[in-house]
Asker: 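What follows is a single structure, and I will ask about it in a moment.
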Amino acid sequence: MNHVLKKYCPRIDFESYEDFYSNFKIEIPDDFNFAYDVVDEWAQVEPEKRALVWCDDTDGKEEFTFADLSRLSNKAANAFVDLGIGKGDTVMVILRRRWEYWVCALALCKIGATLIPASLQLTAKDIVYRAESVSLKMLICVDDDYVCTQAEAAMPDAPSIEQRVIVGAPREGWLSFASLIEDASERWARPTGDAVPLAKDIMLIYFTSGTTGLAKAVCHNFAHPLGHILTAKYWQQVQENTLHMSVTDSGWAKFGWGKIYGQWIAGATIFAYDMDKFIPEKLLGKIEEYRLTTFCAPPTMYRFMLQEDVASWDLSSVENFATAGEPLNAEVTLAWERATGKRIREGFGQTEGPVLLATFPWVDPRPGSMGKPSPLLNIKLLDEDGVEVDDGEEGAICVTGLKESWPPGLFVGYFHDEQRTHDAVGGDYYNLHDMAWRDSDGYFFFVGRDDDVIKCSGYRIGPFEVESALVEHDAVVECAVTAAQHPVRGMVVKATVVLARGWEPSDELIKELQEHVKKTTAPYKYPRIVEFTDELPKTIGGKIKRKLIRNNDGID
């Protein structure tokens with residue numbers, strides 16, 4: 001029995017979804033700290049327990065036990081303190097999937113500093129904005145020339161940054177992470193008194209992708225990792241002492257969902273592949289070579305892997321495939337089942353929380369559905385007046401009951417923005433502004449962002465349903481459905497399509513796709529405009545920028 005998990009969950013085994021939903025609980029100590037209470041705890045009780053298996057595209061390979069990570073994070077914590085980092089200080093980390101990320105994250109957690117993961121694609125302007133927003137004190141970057149050049153260009157306009165640390169090859173003007181920890185002591189004592197970071201303090205800040213304006217600084221407290229017990233154990237279904245892989249860069253909340261917190265609480269070993277570029281054959285090869293037990297990737301990656309002969313790879317070791325990040329089209333999960341014998345279990349959430357809806361172990365995956373609500377979060381579909389809608393009706397996905405109790409894992413507000421925080425979570429519920437409907441069996445089905453829903457000829461058309469119909473066609477790898485102006489109808493449905501290998505754009509193909517949608521879903525939903533593109537515009541977090549497509553078409 002996993003003693004770490006049992007410390008926070010009085011009961012971990014359940015007979016049914018209803019039993020799970022009604023009786024699952026998480027107990028949060030006032031001074032909970034993931035680095036001490038999970039990683040150091042495993043290191044003390046099972047020091048040789050594998051924590052991380054890492055590889056890259058240049059034949060680099062490393063393995064770390066929990067004892068290794070405890071020791072290395074102690075050294076990093078001492079090095080960071082010597083650089084002036086203390087409780088409450090903010091540190092941005094841009095490290096891709098380098099193994100040093102886990103060491104830095106744990107070290108900052110031990111100090112009580114605030115970790116800010118960030119993407120390699122940030123420009124100098126992005127870095128300045130983030131530095132100004134959170135009074136950034138230290139920057140830790142991988143030895144990527146673009147990243148370092150952008151950081152250096154930002155420095156004159158980001159005076160709060162006192163220290164720059166580089167991971168990898170030395171660079172002039174930067175402190176070497178390897179040298180810092182080599183010279184640092186392995187001895188580190190858990191803070192006491194005023195230096196103790198409390199569960200309610202800010203541990204982590206994610207800057208959202210900023211699809212509709214400047215990125216927001218989403219704050220999570222030190223209790224946040226406990227919320228991801230739901231994500232890891234009960235949706236991804238990670239198992240103790242087996243390899244789990246979530247495909248994501250360390251700059252995104254999906255990394256917290258799948259590559260550190262809930263997985264280590266559950267005692268799983270994290271498998272990290274630091275790929276230079278996503279190549280479907282290479283990823284399939286890693287799954288086969290390392291005999292992964294659980295696997296999670298965005299829907300787009302499943303779609304591109306299905307362009308290969310998936311059945312020719314031995315993926316039999318994987319007991320659970322999962323996905324999140326964008327809605328999963330039904331055809332993709334059915335095609336994956338034909339190739340592997342297993343369906344993909346979908347999960348749904350945001351940067352602002354843990355998994356909110358999912359196909360949990362007792363829930364049979366239903367193609368096209370996100371599954372059922374997580375316990376503790378009181379998920380409801382509400383109309384514009386805050387009233388719960390009936391089955392079959394569209395409503396906004398909301399986390400309710402906030403005045404009664406705060407769900408573990410849910411964000412606690414936006415950094416130093418009281419008005420925006422009040423607007424989002426100052427009432428009884430948090431509105432995600434994602435629309436969905438629920439069937440009579442309690443399954444939830446995604447419709448689209450509230451501002452993505454298309455109003456055409458008196459109908460409300462959710463883009464996801466039309467996109468799902470399109471990707472059922474062999475010619476379509478992925479697509480984005482948006483509203484476009486029409487001189488007679490006002491607004492019509494437009495599809496921007498990325499074609500599969502071997503297909504070419506043509507008027508005949510447009511008509512074929514239109515007829516396909518008419519036969520697959522309600523005829524009035526078919527795209528009257530179809531455009532082909534080599535790739536869809538996406539945020540640096542990988543989400544499709546439907547708003548940008550609309551704006552380019554003159555739609556506000």
Side-chain angles (χ1 to χ4, degrees), residues 96-97 117 119-121 206 208-209 211 228 231-232 235-236 238 244-260 263 270-284 286-287 292 294-308 310 315 318 320-336 339-340 342-351 353-359 365 367-371 434 446 448-449 463-464 467-468 471 476-480 498 500 535-546:
R96 200 165 72 178
R97 301 175 182 89
S119 164
L120 276 74
Q121 299 179 44
Y206 292 118
T208 59
S209 301
T211 58
H228 282 302
T231 308
W235 163 50
Q236 296 170 343
V238 304
H244 170 77
M245 180 184 191
S246 285
V247 186
T248 179
D249 181 89
S250 64
W252 304 109
K254 187 73 166 27
F255 193 98
W257 277 46
K259 295 178 89 81
I260 183 167
Q263 293 70 31
I270 293 164
F271 174 72
Y273 170 32
D274 189 13
M275 63 181 82
D276 289 326
K277 181 182 179 182
F278 167 52
I279 299 174
E281 305 98 305
K282 285 189 176 182
L283 181 55
L284 288 163
K286 295 297 183 184
I287 299 172
L292 307 183
T294 47
F295 176 83
C296 184
T300 295
M301 287 191 173
Y302 282 105
R303 285 194 284 266
F304 278 98
M305 284 190 286
L306 284 167
Q307 295 292 299
E308 310 300 326
V310 173
L315 309 183
V318 182
N320 190 59
F321 292 101
T323 193
E326 285 272 297
L328 178 68
N329 310 100
E331 177 56 29
V332 175
T333 193
L334 292 173
W336 194 261
T340 68
K342 296 183 177 70
R343 285 188 176 176
I344 303 168
R345 291 184 175 268
E346 188 169 357
F348 170 84
Q350 288 185 324
T351 299
V355 68
L356 305 181
L357 298 153
T359 43
S369 170
M370 300 179 286
D434 284 307
F446 187 76
R449 291 288 295 172
F464 178 61
E467 291 167 359
S468 294
V471 298
V476 181
V477 173
E478 62 178 351
C479 60
V498 177
E535 60 181 356
L536 296 173
K538 294 179 180 177
T539 69
I540 51 182
K543 294 187 177 181
I544 296 170
K545 290 185 175 181
R546 292 176 182 83

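Starting from 1, each residue takes its place in the sequence as its number. Owing to the predicted nature of the structure, the values given are computational and were not obtained by experimental measurement.
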Asker: Mind telling me whether Trp257 and His228 have parallel, tilted or perpendicular rings, with 30° and 60° as the class edges?
Answerer: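 The rings of His228 and Trp257 sit tilted, inter-plane angle from 30° to 60°.
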
Asker: Looking at every heavy atom in both Val471 and Cys479, which two are closest together, and how far apart are they?
Answerer: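 Closest heavy-atom pair between Val471 and Cys479: CG1-SG, 4.2 Å.
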
Asker: Taking C-beta and beyond as the side chain, do Pro365 and Ile344 meet within less than 4.5 Å on heavy atoms?
Answerer: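 Not in contact.
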
Asker: Is the Phe278 ring parallel, tilted or perpendicular to the Phe304 ring (thresholds 30°, 60°)?
Answerer: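 Rings of Phe278 and Phe304: perpendicular, over 60°.
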
Asker: Testing Tyr206, Phe255, Trp252 for side-chain contact (heavy atoms from CB on, under 4.5 Å) with Pro117, which one passes?
Answerer: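 Running side-chain contact (heavy atoms from CB on, under 4.5 Å) over Tyr206, Phe255, Trp252 with Pro117 returns exactly one hit, Tyr206.
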
Asker: Do the non-hydrogen side-chain atoms of Gln263 and Gln236 ever get within less than 4.5 Å of each other?
Answerer: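 Yes, side chains in contact.
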
Asker: Do other residues, nucleotides or ligands put more than 12 heavy atoms under 6.0 Å from the CD atom of Glu535?
Answerer: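 No, CD of Glu535 has 12 or fewer neighbouring heavy atoms, counting only those of other groups under 6.0 Å.
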
Asker: Please find the pair of heavy atoms, one from Ser119 and one from Asp249, that lie closest to each other, and give the distance.
Answerer: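 Answer, listing the atom of Ser119 first, then Asp249: CA-OD2, 4.4 Å.
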
Asker: For the CE atom of Met301 and the CG atom of Leu284, what is their distance to the nearest 0.5 Å?
Answerer: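 So the gap between those two atoms works out to 11.5 Å.
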
Asker: Side-chain contact test, heavy atoms from C-beta onward, threshold under 4.5 Å: evaluate it for Tyr273 versus Val247 and give yes or no.
Answerer: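 SC-SC contact between Tyr273 and Val247 ruled out.
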
Asker: State whether the side chain of Glu346 and the backbone N or O of Leu328 hold a donor-acceptor pair below 3.5 Å, judged by distance alone.
Answerer: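 Yes; judged by distance alone, with no hydrogens or angles, the pair exists.
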
Asker: Which heavy atom of Pro299 sits nearest to which heavy atom of Ala324, and what is that distance?
Answerer: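 Minimum heavy-atom separation between Pro299 and Ala324: CD-O, 3.5 Å.
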
Asker: Give a yes or no answer on whether the side chain of Arg97 reaches the backbone of Ser250 with a donor-acceptor pair at less than 3.5 Å.
Answerer: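 No; zero donor-acceptor contacts below 3.5 Å.
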
Asker: So which heavy atom on Ala330 is nearest to which on Gly368, and how close?
Answerer: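 Looks like CB-N, 3.7 Å.
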
Asker: How long is the gap from CG on Leu306 to CZ on Arg303, to the nearest 0.5 Å?
Answerer: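 If I round to the nearest 0.5 Å, the distance is 10.0 Å.
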
Asker: Taking the side chain as every heavy atom from C-beta outward, state whether Phe446 and Leu357 have any pair of such atoms under 4.5 Å apart.
Answerer: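 The answer is no, as the side chains (C-beta and beyond) never meet within the 4.5 Å cut-off.
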
Asker: Donor-acceptor check, side chain of Lys342 to backbone of Val318, threshold 3.5 angstrom: yes or no?
Answerer: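 Side chain of Lys342 to backbone of Val318, a donor-acceptor pair under 3.5 Å: yes, one is there.
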
Asker: From Leu292 CG over to Phe271 CZ, what is the distance, rounded to the nearest 0.5 angstrom?
Answerer: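 Answer rounded to 0.5 Å: 6.0 Å.
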
Asker: Taking Ser246 for its side chain and Lys259 for its backbone only, find out whether a donor-acceptor pair lies under 3.5 Å.
Answerer: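 Looks like no, no N/O pair under 3.5 Å.
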
Asker: Which pair of heavy atoms, one from Ala480 and one from Leu536, lies closest together, and at what distance?
Answerer: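 Closest approach of Ala480 to Leu536, heavy atoms only: N-CD1, 4.0 Å.
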
Asker: With no hydrogens and no angle check, is any side-chain donor or acceptor of Thr231 less than 3.5 Å from a backbone partner on Val355?
Answerer: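 Looks like yes, one N/O pair under 3.5 Å.
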
Asker: Does a side-chain heavy-atom distance below 4.5 Å link His244 with Cys296?
Answerer: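 Side-chain contact under 4.5 Å: yes.
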
Asker: Quick check: does any side chain N or O of Arg343 sit under 3.5 Å from a backbone N or O of Thr333, one acting as donor and the other as acceptor?
Answerer: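 Pair absent, no side-chain N/O of Arg343 close to backbone of Thr333.
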
Asker: Nearest heavy-atom pair of Ala322 and Tyr302: which atoms, and what distance?
Answerer: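 Result for this residue pair: O-OH, 2.8 Å.
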
Asker: Would you say the side chain of Phe295 lies within less than 4.5 Å of the side chain of Leu315, judging by non-hydrogen atoms?
Answerer: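 They are not in side-chain contact.
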
Asker: Drop me the distance from Glu281's CD to Lys286's NZ, to the nearest 0.5 angstrom.
Answerer: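 Going from the CD atom of Glu281 to the NZ atom of Lys286 covers 13.5 Å.
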
Asker: Can you tell me how far CD of Glu467 sits from CD1 of Ile544, rounded to the nearest 0.5 angstrom?
Answerer: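 Separation between the atoms: 6.0 Å.
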
Asker: Apply side-chain contact (heavy atoms from CB on, under 4.5 Å) to Leu283 and Met245, showing your working.
Answerer: CA-CA 11 Å; Leu283 181 55; Met245 180 184 191; 3.5 Å; yes

Asker: Kindly say whether Asn320 contributes a backbone atom to a donor-acceptor pair with the side chain of Thr294 at under 3.5 angstrom?
Answerer: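 Checking the backbone N and O of Asn320 against the side chain of Thr294, no donor-acceptor pair under 3.5 Å is found.
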
Asker: Just to verify, which of Val332, Thr300, Asn329 counts as forming a side-chain contact (heavy atoms from CB on, under 4.5 Å) with Glu478?
Answerer: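 Considering Val332, Thr300, Asn329, a side-chain contact (heavy atoms from CB on, under 4.5 Å) with Glu478 is found only for Thr300.
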
